[in-house]
Amino acid sequence: EYCENSGQSTPPQDGCAPAPGLESPTFVAAGFTDQPHYTDWSTYGSVHVHHETIAPDAVYHIQAIGHACDPAVETDYSEALTMTTARWGDIISTCETDPCGPPDGTVGIGTDVTAVLDKFKNLSGAVRKARCDLEPTAPDQLINISDVTYCIGAFLGETYPPPGFALPGAPPSSP
């Protein structure tokens with residue numbers, strides 16, 4: 001676990017405090033997997049699932065299965081919940097309210113790039129770190145100028161993955 005504050009890679013002894021304007025520290029509720037991940041989901045509000053292989057603007061189908069059920073029996077699974085991830089660089093819709101609104105399908109200088117800059121500067125009410133950590137291939141829990149640069153690239157129409165960016169297990173893409 002890492003605290004929200006940019007660059008703080010070791011939580012303090014008394015634990016992570018919420019970032020200014022946010023209600024709780026960041027935690028991983030579940031990883032990205034095609035195998036059952038058993039837990040009591042009713043103990044969570046929003047379930048944050050993140051992993052470096054989850055691609056922006058991609059469609060995923062999520063199913064649930066009871067702990068006592070056989071994962072090899074397809075009929076034991078729930079109907080699939082279909083979800084689409086936000087497009088590359090789409091961080092927020094607006095920050096007119098606190099917390100900032102969810103991604104809105106567009107990448108803008110006055111919204112998304114500004115949100116990454118606000119997190120880089122650790123401003124009060126900045127959007128959560130996980131949304132702004134755009135580089136390197138495996139997010140590094142730091143918000144820096146490279147993250148801002150990638151967001152600007154997305155604003156300019158750069159597709160995912162950007163040139164030179166390598167997905168896990170794949171060679172780097174070339175320009």
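FYI, the numbering just counts along the sequence from 1.
- At least 2.5 Å separates the SG atom of C151 from that of C132.
- Here the closest non-hydrogen pair linking C100 and I92 is CB-CG2, 3.7 Å.
- In terms of modelled atom types and a separation under 3.5 Å, the side chain of D90 and the main chain of G105 share a donor-acceptor contact.
- Note on I109 and V148: same hydrophobic cluster, where clusters join Ile, Leu, Val, Met, Phe, Trp and Tyr whose side-chain heavy atoms are under 4.5 Å apart, directly or indirectly.
- At least one side-chain heavy atom of P103 sits under 4.5 Å from a side-chain heavy atom of R131.
- Note: L142 CG to K129 NZ = 6.5 Å, rounded to the nearest 0.5 Å.
- Considering CD1 of I62 and OG1 of T82, their distance stands at 8.5 Å, rounded to 0.5 Å.
- Between E74 and Q63 the shortest side-chain heavy-atom distance falls below 4.5 Å.
- No side-chain heavy atom of K119 sits less than 4.5 Å from a side-chain heavy atom of I91.
- Between E158 and Y150 the shortest side-chain heavy-atom distance falls below 4.5 Å.
- Heavy-atom minimum distance, A80 versus H61: CB-CB, 4.0 Å.
- Remark: T114 OG1 to K121 NZ distance equals 8.0 Å, nearest 0.5 Å.
- Side chains of T84 and Y60 form no contact here, defined as non-hydrogen atoms less than 4.5 Å apart.
- In terms of modelled atom types and a separation under 3.5 Å, the side chain of D147 and the main chain of E135 share a donor-acceptor contact.
- Between P161 and W88 there is no side-chain heavy-atom pair separated by less than 4.5 Å.
- Here OG1 of T94 is found 8.5 Å from CG of D104. Values are rounded to the nearest 0.5 Å.
- How far CG of D112 is from CZ of F155: 10.0 Å, rounded to the nearest 0.5 Å.
- A donor-acceptor pair is defined here as one N or O able to donate and one able to accept, closer than 3.5 Å; no such pair exists between the side chain of T111 and the backbone of S93.
- With values rounded to the nearest 0.5 angstrom, I65 atom CD1 is found 5.0 Å from D76 atom CG.
- Residues I143 and D133 form a side-chain contact, since some pair of their non-hydrogen atoms from C-beta on lies under 4.5 Å apart.
- Residues L117 and L156 fall within the same hydrophobic cluster, defined by Ile, Leu, Val, Met, Phe, Trp and Tyr side chains chained together at heavy-atom separations under 4.5 Å.
- In this structure, I145 and F120 have side chains that are in contact, with non-hydrogen atoms separated by less than 4.5 Å.
- Annotation for G89 and A154: closest pair CA-CB, 3.7 Å, computed over non-hydrogen atoms.
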